[in-house]
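I have placed the structure first, in the form of structure tokens, so that the comments after it can refer back to it.
On a predicted model such as this, the values are computed, not experimentally measured, just so you know. The basis for the numbers below is simple: all heavy atoms, side chains too, and nothing from hydrogens, waters or symmetry mates.
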Amino acid sequence: MSTYIWLLPVIFIFHDMEEIVGAEKWIRNNYGSIITKYPRAEKLIHVYRGVTTSAFAAAVYEELILLIVICLAAGLTDISLLDGLWFGGLTGFTLHLLIHIGQAVLIRSYIPSLITSLLSLPPSIWLICKCTAILTFDAPFVIGMLTGIFGIAVNLKLAHILMLRLSAK
């Protein structure tokens with residue numbers, strides 16, 4: 001397990017750099033055409049209109065710190081619950097990649113995150129398969145895994161709130 005733990009933050013950083021670098025400009029340049037083609041999407045993306053690159057980076061940094069803490073906890077102990085928490089984080093991150101790919105397919109256009117989602121998906125799936133073969137899916141692990149998946153979703157929402165607050169003028 002310790003062989004694989006640190007691959008998750010590496011893949012995370014690789015993926016999120018594309019989002020950090022491209023999101024602000026992409027939203028500014030594509031907002032009008034997206035809501036014209038998909039009026040219902042305005043509810044989802046209008047809040048990101050004013051997000052700055054630095055605020056986006058701060059939100060990603062918060063996520064990275066949390067991920068590093070989880071990796072340290074799982075890597076330095078033999079606690080099944082913590083392994084499950086890490087595995088849940090990996091699973092949640094992999095689902096996040098699929099969502100980005102789905103977004104690009106839905107709007108039939110490049111979005112910042114598409115290239116690294118496509119490149120990060122195979123190693124993320126490989127990592128899931130490798131770890132599934134060596135991990136013990138006992139009750140504490142499953143509880144940790146479900147907590148990790150849920151925690152990723154909750155923290156993503158909190159990171160978005162942080163991003164919006166830091167971008168507020």
Side-chain angles (χ1 to χ4, degrees), residues 1-27 44-45 47-103 111-132 134-135 140-169:
M1 177 71 177
S2 62
T3 306
Y4 304 116
I5 283 177
W6 293 102
L7 290 175
L8 177 55
V10 169
I11 297 168
F12 173 86
I13 291 166
F14 172 71
H15 167 69
D16 273 63
M17 287 303 107
E18 181 185 12
E19 288 184 283
I20 290 169
V21 169
E24 181 180 5
K25 184 176 180 183
W26 187 89
I27 289 173
L44 299 172
I45 67 169
V47 296
Y48 300 108
R49 251 183 123 171
V51 169
T52 63
T53 299
S54 60
F56 198 102
V60 169
Y61 186 56
E62 179 274 331
E63 292 176 313
L64 179 61
I65 290 169
L66 182 60
L67 184 58
I68 289 171
V69 169
I70 291 168
C71 289
L72 281 170
L76 295 175
T77 67
D78 287 325
I79 300 171
S80 184
L81 181 85
L82 295 174
D83 288 344
L85 189 64
W86 176 87
F87 191 77
L90 170 62
T91 304
F93 174 73
T94 304
L95 292 171
H96 167 83
L97 298 174
L98 290 169
I99 289 168
H100 283 315
I101 293 167
Q103 289 169 329
I111 60 170
S113 70
L114 177 61
I115 294 169
T116 55
S117 290
L118 292 169
L119 293 173
S120 299
L121 189 59
S124 296
I125 292 171
W126 174 84
L127 196 52
I128 287 171
C129 292
K130 280 294 197 183
C131 292
T132 299
I134 61 172
L135 290 167
F141 180 91
V142 172
I143 291 167
M145 182 180 74
L146 294 174
T147 302
I149 293 169
F150 180 73
I152 287 287
V154 169
N155 190 67
L156 186 59
K157 181 66 176 166
L158 293 174
H160 282 140
I161 292 167
L162 172 66
M163 185 172 39
L164 294 170
R165 288 203 176 141
L166 290 173
S167 295
K169 308 261 186 279

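- Residues forming a side chain to side chain donor-acceptor pair (under 3.5 Å) with Glu24 (at least two apart in sequence, or on another chain): Thr53.
- The NE2 atom of His100 sits 12.0 Å away from atom CG of Leu121, with the distance rounded to the nearest 0.5 Å.
- Under the side chain to side chain contact (heavy atoms under 4.5 Å, CB included) criterion, Thr77 pairs with Ile79, Leu82, sequence neighbours left out.
- The heavy-atom pair separating Leu8 from Leu127 by the smallest distance is N-CD2, 4.2 Å.
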* Test side chain to side chain contact (heavy atoms under 4.5 Å, CB included) on Ile128 and Phe87 and set out the steps. => CA-CA 8 Å; Ile128 287 171; Phe87 191 77; 3.9 Å; yes

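- Summarising the local packing, CZ of Phe14 is surrounded by more than 12 heavy atoms from other residues, nucleotides or ligands at distances under 6.0 Å.
- Listed by chain and number, the residues in a side chain to side chain contact (heavy atoms under 4.5 Å, CB included) with Thr3 amount to none (sequence neighbours excluded).
- Residues meeting the side chain to side chain contact (heavy atoms under 4.5 Å, CB included) test with Ile70, sequence neighbours left out: Leu66, Leu85, Trp86.
- Of all the heavy atoms in Thr52 and Ser167, the pair that sits closest is N-OG, 3.0 Å.
- The distance from the SG atom of Cys71 to the CG atom of Leu90 is 9.5 Å, given to the nearest 0.5 Å.
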* **Intermediate values then yes/no, side chain to side chain contact (heavy atoms under 4.5 Å, CB included), Leu114 and Gln103** => CA-CA 9 Å; Leu114 177 61; Gln103 289 169 329; over 6 Å; no

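- Ala58 approaches Leu162 most closely through the heavy-atom pair O-CD2, 4.1 Å.
- Ile20 places a side-chain heavy atom less than 4.5 Å from the side chain of Met17.
- Looking at residues two or more places apart in sequence or on another chain, you find a ring pair (Phe, Tyr, Trp, His ring centres under 6.0 Å) between Trp126 and Tyr4.
- Remark: the backbone N or O of Gly75 is not paired with any side-chain donor or acceptor of Ser2 at under 3.5 angstrom.
- With rounding to the nearest 0.5 Å, the separation of CD1 in Ile101 from NE2 in His96 is 10.5 Å.
- Here Glu18 pairs with Tyr110, Thr116 under the side chain to side chain donor-acceptor pair (under 3.5 Å) rule; sequence neighbours left out.
- Distance OG/Ser117 to CD1/Ile99: 10.0 Å, rounded to 0.5 Å.
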Scan the side chains in residues 140-161 for donor-acceptor partners under 3.5 Å anywhere in the protein, sequence neighbours excluded, and list what turns up.
residue	atom	partner	partner atom	Å
Thr147	OG1	Ile143	O	2.7
Asn155	ND2	Glu62	OE1	3.2
His160	ND1	Leu156	O	3.3

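- Residues meeting the side chain to side chain donor-acceptor pair (under 3.5 Å) test with Thr91, sequence neighbours left out: none.
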* Check the pair Leu72 / Trp6 against side chain to side chain contact (heavy atoms under 4.5 Å, CB included), numbers first and verdict last. => CA-CA 9 Å; Leu72 281 170; Trp6 293 102; 3.9 Å; yes

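- Contact of the Leu166 side chain with the Phe56 side chain is not registered, since no non-hydrogen atoms from C-beta on lie closer than 4.5 Å.
- For Ser120, the side chain to side chain donor-acceptor pair (under 3.5 Å) test picks out no residue, with sequence neighbours left out.
- In terms of the side chain to side chain contact (heavy atoms under 4.5 Å, CB included) criterion, residue partners of Leu64 (sequence neighbours excluded) are, by chain and number, Pro9, Phe12, Ile13, Ile68.
- Contact detail for Leu97 and Ser124: the closest heavy-atom pair is CD1-OG, 3.6 Å.
- Minimum heavy-atom separation, Ala59 to Met163: CB-CB, 4.0 Å.
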